[in-house]
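This report concerns only the one structure given below.
This is a predicted model, so every value here is computed, not measured. All chains are named by letter (A, B, ...) in the order of the sequence lines, taking the proteins before the strands, and each is independently numbered beginning at 1.
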2 protein chains.
Amino acid sequence: MDVAQDAVLAKGFAATSIDEIVAAAEVTRSGFFYHFKDKNALARALLDRYVESEDALFDELFDRSRELHEDPLHAMLIGLKLLSEMMGDLPSAHPGCLVATTCYQDQLFDAQVRDVIRSSFHSWRQRFAGYFREIGEIYPPKTPVDYDELGDMVNCVVEGGLILSRAYDDPRILAQQILHLRSYVTMLFSPTRQ
Amino acid sequence: MDVAQDAVLAKGFAATSIDEIVAAAEVTRSGFFYHFKDKNALARALLDRYVESEDALFDELFDRSRELHEDPLHAMLIGLKLLSEMMGDLPSAHPGCLVATTCYQDQLFDAQVRDVIRSSFHSWRQRFAGYFREIGEIYPPKTPVDYDELGDMVNCVVEGGLILSRAYDDPRILAQQILHLRSYVTMLFSPTRQ
DNA sequence: AAAAAACTGTACCTTTGGTGCAGTTCTAGA
DNA sequence: TCTAGAACTGCACCAAAGGTACAGTTTTTT
């Protein structure tokens with residue numbers, strides 16, 4: 001699975017051959033097809049695993065930031081800072097998001113795979129929308145705001161930033177963009193003297 | 001080329017067969033290989049054409065918005081509004097960005113193709129960074145800001161929004177995210193009573 | 001009318017995804 | 001320790017796809 005994920009992130013799904021995966025993983029083609037009915041099944045398994053690990057990462061990161069500060073706005077700002085640092089610190093360009101790469105090749109796959117994509121974006125939206133709602137209850141936003149849209153915005157900036165980082169081969173781009181999102185959140189919710 | 005672009009946007013590069021393109025375009029395989037050395041050459045040609053047409057679109061849209069308001073900040077806000085409307089108005093979900101889809105499959109292609117990707121993002125960055133610099137000269141931003149990063153931000157939000165719109169099959173997501181970018185720009189540059 | 005460009009048809013090669021299946025090795029439980 | 005079942009391996013085979021080679025035909029340009 002590790003081998004397959006690296007290859008898929010590097011080259012996309014279609015360009016990753018089963019032969020190459022089994023060679024790198026030191027198993028046989030037969031062994032591969034014993035575990036996975038076809039490439040679709042591999043895609044689903046990889047996606048499931050990936051989404052789970054990203055969820056765990058977000059859990060850890062934002063749980064930690066809530067430990068560091070009990071105020072939801074400041075916890076969020078800390079969380080976004082941590083996220084930015086983590087993304088910018090990766091040795092070379094972040095390999096990219098498996099969900100996004102699959103999204104752009106989704107017609108290769110069945111409806112089930114497309115569903116995994118949609119529902120993972122949805123769960124991330126819900127997660128962040130929840131955080132933002134908590135914030136909004138304490139710090140009324142300057143302009144009325146849709147929390148689902150704000151939740152999507154985190155996904156949006158991360159996915160867009162990943163593409164740019166990949167194109168420029170520079171992980172700092174993603175880190176910068178997350179900081180701009182952070183700055184938007186700051187301005188949106190921070191109380192100003194009227 | 002039209003046929004090929006639609007297919008590539010829908011399914012990704014690797015999943016689009018030459019047979020299928022030539023069938024839809026009512027030419028022969030031989031005819032295809034007469035014009036394009038290989039699939040790489042097709043990718044390059046498609047990308048070049050796409051970047052050119054996107055540039056023309058941005059030119060038109062932001063030239064128009066400058067006609068509507070001579071102040072650079074307001075012209076930018078109008079431009080982003082127009083962009084948002086255009087992206088949200090597309091009949092079904094926006095088919096996606098050819099540059100981004102190629103970006104996530106770039107190892108399929110040669111260095112030349114990767115260069116087209118990098119330089120098109122770069123030219124868009126420059127374009128928007130220029131607009132933002134003009135704005136910043138008139139409206140000093142609240143916090144010091146890197147104009148290249150702001151330029152990238154437009155790319156970032158559009159690319160990220162395209163992915164989300166595609167995943168949710170709802171072009172409104174992209175439109176909303178562009179409006180959030182617009183709102184960030186507003187807050188960043190609008191003078192506030194101190 | 002001649003030359004060059006734009007194709008077509010056919011035959012062929014390789015890689016890749018995928019099927020089928022008989023046989024082997026490993027492993028957990030009675 | 002025996003044994004059932006899970007986890008593999010090897011091999012033969014198929015179809016689809018990218019790509020090559022090249023001789024011949026049609027269309028366009030000059």
Side-chain angles (χ1 to χ4, degrees), chain A residues 1-50 96 98-99 101-117, chain B residues 1-50 96 98-99 101-117:
Chain A
M1 297 285 275
D2 288 338
V3 163
Q5 175 163 328
D6 287 349
V8 169
L9 279 176
K11 304 193 290 189
F13 229 95
T16 303
S17 76
I18 295 177
D19 277 341
E20 145 191 12
I21 296 172
V22 301
E26 292 179 322
V27 289
T28 57
R29 262 169 69 80
S30 313
F32 176 88
F33 283 108
Y34 175 78
H35 285 290
F36 304 104
K37 193 181 147 272
D38 52 21
K39 239 185 160 185
N40 240 303
L42 173 66
R44 230 174 303 135
L46 277 179
L47 266 183
D48 284 342
R49 204 182 70 132
Y50 182 84
L98 194 65
V99 181
T101 197
T102 312
C103 180
Y104 261 121
Q105 297 167 71
D106 60 3
Q107 299 303 314
L108 276 171
F109 308 110
D110 54 30
Q112 225 179 325
V113 169
R114 264 164 287 177
D115 231 61
V116 174
I117 294 175
Chain B
M1 298 283 277
D2 288 338
V3 163
Q5 176 164 327
D6 287 349
V8 169
L9 280 176
K11 307 192 289 188
F13 230 94
T16 303
S17 75
I18 295 176
D19 277 339
E20 142 191 16
I21 295 171
V22 301
E26 291 179 323
V27 289
T28 57
R29 262 168 69 80
S30 315
F32 176 89
F33 282 108
Y34 175 77
H35 285 291
F36 304 103
K37 194 182 146 272
D38 53 20
K39 242 185 158 185
N40 240 302
L42 173 67
R44 229 175 302 136
L46 278 179
L47 264 184
D48 285 341
R49 204 182 70 132
Y50 181 85
L98 194 65
V99 181
T101 196
T102 311
C103 180
Y104 261 122
Q105 297 166 71
D106 61 2
Q107 300 302 313
L108 275 172
F109 308 110
D110 53 31
Q112 226 178 325
V113 169
R114 264 163 288 177
D115 231 62
V116 174
I117 294 174

**OP:** Starting at the 5' end of nucleotides 25-30 of chain D, put B wherever the base has a protein heavy atom under 4.0 Å, S where only the sugar-phosphate does, and a dash everywhere else.
**Re:** ------
Subject >> Close residues, residues 36-46 of chain A, relative to DNA chain C [heavy-atom separation under 4.0 Å] >> reply: A:Lys37, A:Asp38, A:Lys39
Original post:
Considering only side-chain heavy atoms of A:Asp19, which listed nucleotide, D:dA17, C:dA5, C:dT16, is closest?
Top reply: C:dT16
Subject >> Integer-rounded Å distance: C:dT8 P and B:Glu26 CD >> reply: 11 Å
**OP:** With rounding to the nearest 0.5 Å, note down the distance linking OG1 in B:Thr101 to OH in B:Tyr50.
**Re:** 10.0 Å
Original post:
Rounded to the Å, how far apart are B:Phe32 CZ and C:dG9 P?
Top reply: 17 Å
Subject >> Point-to-point distance, once rounded to the nearest 0.5 Å, from CG of A:Asp115 to CG of A:Leu47 >> reply: 11.5 Å
Original post:
To the side chain of A:His35, which of C:dC7, D:dA7, D:dA17 is closest?
Top reply: D:dA7
Original post:
Atom OG1 of A:Thr102 and atom CZ of A:Arg44: how far apart are they, to the nearest 0.5 Å?
Top reply: 12.5 Å
Original post:
Of all the choices, D:dT9, C:dG18, D:dG19, which nucleotide is nearest to the side chain of B:Ile18 once you look at every atom?
Top reply: D:dG19
**OP:** Report which part of the nucleic acid A:Ser30 touches: base, sugar-phosphate, or nothing (heavy-atom distance under 4.0 Å, all strands).
**Re:** base
**OP:** Ignoring the backbone of B:Val27, work out which of C:dT8, D:dC8, D:dG18 is nearest its side chain.
**Re:** C:dT8
Original post:
salt bridge (Lys or Arg N to Asp or Glu O under 4.0 Å) with B:Asp38: which residues, sequence neighbours excluded?
Top reply: none
Subject >> Test item: B:Arg29 side-chain N/O and B:Val22 main-chain N/O as donor-acceptor pair under 3.5 Å >> reply: no
Subject >> Approximate separation, where rounding is to 0.5 Å, of B:Phe36 CZ and B:Met1 CE >> reply: 5.0 Å
Subject >> Under 3.5 Å: donor-acceptor pair, side chain of B:Lys39, backbone of B:Ile18 >> reply: no
Original post:
Would you say the side-chain atoms of B:Gln105 pair up with the backbone N or O of B:Phe13, donor to acceptor, closer than 3.5 Å?
Top reply: yes
**OP:** Considering just the side-chain nitrogens and oxygens of B:Tyr34, establish if one lies under 4.0 Å of OP1 or OP2 belonging to C:dA6.
**Re:** yes
**OP:** Establish, with yes or no, whether the OP1 or OP2 oxygen of C:dT8 is under 4.0 angstrom from a side-chain nitrogen or oxygen of B:Thr28.
**Re:** yes
**OP:** Please state how far atom CD in A:Glu20 lies from atom P in C:dT14, giving the value in whole angstrom units.
**Re:** 20 Å
Original post:
Which one, D:dT9, C:dT19, D:dA17, comes nearest to the side chain of A:Phe33?
Top reply: C:dT19
Original post:
What is the distance, rounded to the nearest whole Å, between atom CZ of A:Arg29 and atom C1' of C:dG17?
Top reply: 7 Å
**OP:** May I ask you to decide whether B:Arg49 forms a salt bridge with B:Asp2, counting only side-chain N to carboxylate O separations under 4.0 Å?
**Re:** yes
